[in-house]
Amino acid sequence: MMNSWVKSSVCGEKLSEVDRTSVGGTTTQFSLTNGILPSLGAQSNRGILLRRFVIAPMDPRYRGWEMFLVLLVFYTAWASPFEFGFLQKPSIKVLAIADNIVNGFFAIDIILTFFVAYLDKKTYLLVDNRKNIAWRYIRTWFVFDTISTVPSELVLQILPNDVRAYGLFSMLRLWRLRRVSKMISRLEKDPKINYFFVRICKLVCVTLFTVHSAACFYYLLAASYSDPKKTWIALSMENFETENMWLRYVTSIYWSITTVTTVGYGDLHPVNIREMVFTIFYMLFNLGLTAYLIGNMTNLVVHRTSRTRNFRDKLQAASNFAQRNKIPVRLQDQMVGHLCLKYRADSEGLQQQEVLESLPKAIKSSISHYLFYSLLDKVYLFREVSNDLLFQLVSEMKAEYFPPKEDVILQNEAPTDLYVLVHGAMELILPVNGVEQVVKEVKSGDICGEIGVLCYRPQLFTVRTKRLCQLLRLNRTSLLNLVQANVGDGAIIMSNLLEHLKTQHDPLMQSLVDDIEKMIAQGQTDLPLGLCFAAARGDEPLLQLLLKRGSNPNERGMKDRTALHVAAANGNENCVSILLTSGADPNSKDSEGNVPLWDVIMGKHPESLIKLLVDHGATLASGDVPQYACYAVEQDNLELLQSIVRHDGDVTLPKSDGTTPLDAAVINGNANIVKFLLEQGADIDKNDADGVTPRILADLHGNVEIKALFGTSCKKEVSLKSDNVVILNKKVDSTNSLKKYSSTGTYLDDVTLVPSVHVDMPQVQAHPRARANVFENSLFGVVSAATRGETSAGVNSYTRSVPMGNQSARVILRCLGKSEASKLVRLPDTIQELVEIGNMKFGCHCTKLVSAHGAEIDEIELVRDGDHLTLMSDEN
């Protein structure tokens with residue numbers, strides 16, 4: 001049974017993993033990795049894994065056992081004083097039997113305690129070593145627990161007859177009262193149980209136990225006095241020893257309760273000296289008890305009524321203030337409405353912001369992210385900003401409630417905050433000829449106050465609630481501080497604002513757009529703007545201003561595109577010239593392998609722009625030329641293919657999947673493009689990833705003109721490198737997609753034909769969230785660059801390091817001792833693969849690679865795009 005207690009999870013969850021730790025010489029303890037301490041007052045919500053036959057103290061069934069023992073303690077708290085005062089021997093068989101049954105349960109608990117783990121107060125680890133548990137119990141409560149469990153009959157046989165053994169020994173069982181104190185302390189901390197109810201129960205129990213114990217002891221003084229006629233109880237009954245026991249008990253209780261409540265000594269009062277001394281100390285004790293009871297009751301009542309009293313005081317103060325200063329009725333209603341809403345939120349437990357502020361920052365951020373991230377993600381102003389910025393904005397926002405007809409923002413108010421509406425409805429109000437007119441209704445997910453905050457100009461409208469609203473408030477300073485660390489996000493926010501204003505079709509908004517654009521051109525906005533933003537807008541003054549301030553000309557935005565990419569794609573020759581003059585890299589690649597020159601060619605922009613880039617060293621060779629060439633082939637655009645060659649693009653290179661432009665040209669059946677590619681040196685017997693060559697493709701499609709260019713129409717068996725065979729159809733057009741069927745060792749002529757390969761040039765797709773922008777252009781990046789003595793504008797070179805597995809990277813190989821020319825090969829994933837490729841190309845048996853400077857290379861991460869490498873054997 002105990003083993004099942006240990007293995008059970010407290011809340012039905014799976015058992016958590018634990019770490020075995022050594023504490024105090026014990027090497028068999030387990031630390032609670034998911035929570036150091038159990039939850040306050042009750043069950044832990046974490047699973048705990050302990051040794052076999054060891055019970056977790058937070059196990060719900062063990063807690064149930066403890067609760068059952070507490071009920072038995074209540075019986076002991078009544079029986080022990082009663083037996084001490086009224087009985088000299090176990091004359092009442094019912095009490096004797098009940099005592100022995102209760103003692104039996106506590107004896108079981110003593111045995112059980114030797115198997116209950118305990119929490120080490122120094123390390124906060126649960127100790128489950130049974131030797132340590134037993135030694136700790138023996139050193140603390142074992143002796144007291146054992147003595148309080150010994151049967152009274154056994155005590156009567158051991159102790160002398162003249163000793164009042166029965167009653168005295170019963171009083172030792174009051175040691176068990178510590179269990180009640182421990183349980184009440186736990187219940188007071190349990191948020192699931194009403195604190196007021198627990199405190200009242202505690203006060204009642206303390207009072208009843210005090211009255212009962214005093215009554216029993218006071219009767220004992222009378223019963224053991226030498227002259228029974230001169231005792232307090234003899235005042236009401238002469239021969240009290242012969243009276244019914246329950247009548248004597250009730251009389252004692254009556255005296256005790258009248259003494260505690262200090263209602264006087266009319267009929268019962270102390271007679272002999274012993275009774276007077278006891279009464280003196282009892283009355284002194286009652287002073288403290290009465291003060292304790294009154295203080296606790298007062299505190300509980302005041303706590304329950306203080307909130308209402310404070311609310312009434314604030315309401316009265318607000319009303320007096322409004323009347324004294326002759327505040328208009330509408331503002332008075334707003335004041336009262338706000339105070340009432342705050343009181344209702346407090347009384348109904350809606351102190352949302354107060355609760356969040358009391359938590360650690362990490363927990364608060366996680367809660368805010370869970371509650372409001374999805375809402376903020378839909379706000380137009382933050383569309384496409386980075387996840388990092390959006391997460392930080394959510395953490396900085398504060399939730400507030402506003403009652404109906406209350407002004408949230410006033411027209412011409414200082415721009416300190418912007419608001420996002422969570423639920424409810426608001427109105428944008430603009431006074432026209434002294435009459436308030438509703439310009440727009442703000443609904444859930446809308447934002448207001450953003451124009452004033454971002455452009456630092458007085459608020460344009462009065463924002464007033466229509467009904468109860470919950471808003472997220474963001475301070476202007478917090479927003480700017482967060483955006484300062486990310487230039488790209490600032491540009492996205494400003495672009496979103498301008499696009500939104502332009503769609504309003506309102507003369508006021510259009511004039512506002514003109515003013516904002518003038519501010520941007522003059523660099524007067526507090527929001528950091530990047531080069532990509534200026535290039536996209538074609539704003540030459542802003543571009544020059546940002547470069548003059550130290551912005552990195554190679555700053556990257558979404559999809560790793562630089563400002564030069566953006567300006568080239570837009571065909572803005574002046575912006576391109578400014579960027580190139582400032583040191584922008586003309587051959588920088590974006591995440592899709594595109595270079596600025598390719599953007600100009602694809603945009604069909606003037607030759608003067610192409611010449612400008614070429615004069616500054618731009619070439620297509622640094623981009624993804626195989627992708628460019630395949631796109632040109634798929635479009636049947638021989639002129640575009642010629643442009644690629646004219647700008648140093650090698651159209652014979654394969655793509656990352658092994659297919660070449662010649663494969664695509666053969667499949668499309670364009671003989672002119674095939675002829676052009678052959679003139680450029682394309683290999684008709686080059687295998688792709690599936691072992692298929694252009695020669696085989698030409699034979700399959702049956703294009704006579706292409707086969708004539710190849711000079712063959714033979715059928716070859718394919719040696720497959722994978723489990724997939726490419727199956728092509730010569731009867732379908734070139735717009736169908738590629739399909740593969742599992743087969744091995746099959747003649748391609750014998751397989752059913754399906755549509756041919758056709759790969760479109762990838763287009764820029766909308767991405768819901770941008771990545772975080774480069775550090776160099778943030779406020780901190782500029783400062784750190786200045787500290788190091790660097791100038792961003794002068795940077796015109798870049799490191800072409802290539803991550804492992806980048807199939808677009810190429811290196812130039814040669815073999816020591818071989819007369820063959822160097823070969824350009826793709827960079828594989830490992831050095832061993834690169835050596836094997838070189839051995840196959842040159843027909844040698846080399847084992848290592850050295851750089852152009854003679855250093856041996858062991859890791860593929862050290863190889864960069866365009867490196868010259870030499871193959872060598874160990875003998876060399």
Side-chain angles (χ1 to χ4, degrees), residues 70-105 148 151-153 155-156 161 163-174 176-177 180 201 203-272 274-276 278-279 281-283 285-286 289:
V70 167
L71 296 178
L72 299 182
V73 171
F74 283 113
Y75 165 79
T76 302
W78 176 84
S80 293
F82 181 81
E83 293 171 358
F84 173 70
F86 290 88
L87 302 177
Q88 294 184 4
K89 59 181 180 179
S91 56
I92 302 179
K93 294 184 178 180
V94 176
L95 286 179
I97 295 173
D99 286 346
N100 290 330
I101 293 175
V102 171
N103 291 339
F105 281 113
S148 63
S152 300
E153 293 81 0
V155 175
L156 290 175
N161 293 330
V163 178
R164 194 180 179 88
Y166 181 66
L168 288 175
F169 202 81
S170 296
M171 292 298 288
L172 294 177
R173 293 171 184 160
L174 293 179
R176 300 168 184 170
L177 288 175
V180 179
C201 289
L203 297 177
V204 171
C205 290
V206 170
T207 304
L208 293 178
F209 178 73
T210 301
V211 171
H212 171 70
S213 300
C216 294
F217 190 79
Y218 200 49
Y219 175 80
L220 177 63
L221 293 177
S224 61
Y225 194 64
S226 57
D227 187 359
K229 302 293 183 180
K230 295 182 179 181
T231 59
W232 66 272
I233 196 171
L235 297 177
S236 61
M237 54 183 75
E238 264 185 58
N239 300 318
F240 67 89
E241 293 178 334
T242 61
E243 295 291 339
N244 182 273
M245 181 179 293
W246 297 111
L247 177 59
R248 289 177 280 165
Y249 175 70
V250 171
T251 304
S252 300
I253 290 293
Y254 169 74
W255 171 86
S256 182
I257 196 68
T258 56
T259 304
V260 168
T261 57
T262 64
V263 294
Y265 287 99
D267 48 355
L268 299 176
H269 57 82
V271 175
N272 56 61
R274 290 199 305 181
E275 294 172 354
M276 291 180 182
F278 174 75
T279 303
F281 284 101
Y282 187 40
M283 290 296 291
F285 173 78
N286 286 341
L289 178 62

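In this chain, residues are counted from 1 in sequence order.
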Heavy-atom pair with the smallest gap, counting every atom of I253 and H212: CD1-CA, 3.9 Å
For a quick test of reading the model, state the closest non-hydrogen atom pair linking P270 to Y218 and the distance between them. CA-OH, 3.3 Å
Could you report the tightest heavy-atom contact between Y219 and S252, atom names first, then the distance? CB-OG, 3.5 Å
Between the OG atom in S80 and the CG atom in L174, the distance rounded to the nearest 0.5 Å is 4.5 Å
Separation of T242 OG1 from M237 CE (nearest 0.5 Å): 9.5 Å
With sequence neighbours excluded, residues passing ring-ring contact (aromatic ring centres under 6.0 Å, His included) with F105: F68
Which residues share a ring-ring contact (aromatic ring centres under 6.0 Å, His included) with Y225, sequence neighbours left out: none
Minimum heavy-atom distance S256-T210, with the two atoms named: OG-O, 4.4 Å
Do the side chain of R176 and the main chain of T76 share a donor and acceptor less than 3.5 angstrom apart? no
For F82, give me all partners under ring-ring contact (aromatic ring centres under 6.0 Å, His included), at least two apart in sequence or on another chain. W78, F86, W246, Y249
Any heavy-atom pair between the side chains of V271 and T231 that's under 4.5 Å? no
Do C216 and E83 have side chains that get closer than 4.5 Å, going by heavy atoms? no
Kindly compute the distance separating OG1 (T207) from CD1 (I257), expressed to the nearest 0.5 Å. 7.5 Å
Mind listing the closest non-hydrogen atom pair of N100 and P151 along with its distance? OD1-CB, 3.9 Å
Donor-acceptor under 3.5 Å (S236 side chain, I233 main chain): yes
Return the set of residues passing side chain to side chain contact (heavy atoms under 4.5 Å, CB included) with V250 (not counting sequence neighbours), or none when no residue passes. none
Can you name the closest pair of heavy atoms from F209 and P81 and give their distance? CE1-CG, 4.4 Å
Can you tell me how far apart CE (M283) and OG1 (T259) are? Round to the nearest 0.5 Å. 6.5 Å
Any residue meeting salt bridge (charged side-chain N to carboxylate O under 4.0 Å, His left out) with K230, in chain and number order, not counting sequence neighbours: none
Starting from the C-alpha separation in whole Å, work towards a yes-or-no answer on side-chain contact (heavy atoms from CB on, under 4.5 Å) for L247 and F240. CA-CA 9 Å; L247 177 59; F240 67 89; over 6 Å; no
Could you pull out all residues at least two apart from N286 that satisfy side-chain hydrogen bond (donor to acceptor under 3.5 Å, both in side chains)? none
Do L87 and M245 have side chains that get closer than 4.5 Å, going by heavy atoms? yes
Sub-4.5 Å side-chain heavy-atom contact between L71 and Y75: no
Quick one: sort the W232 and W255 rings into parallel, tilted or perpendicular, breaks at 30° and 60°. tilted
Taking the side chain from N272 and the backbone from E275, do they hold a donor-acceptor pair closer than 3.5 Å? yes
Could you check D99 against R173 for side-chain contact (heavy atoms from CB on, under 4.5 Å), going step by step and ending with a plain yes or no? CA-CA 10 Å; D99 286 346; R173 293 171 184 160; 3.8 Å; yes
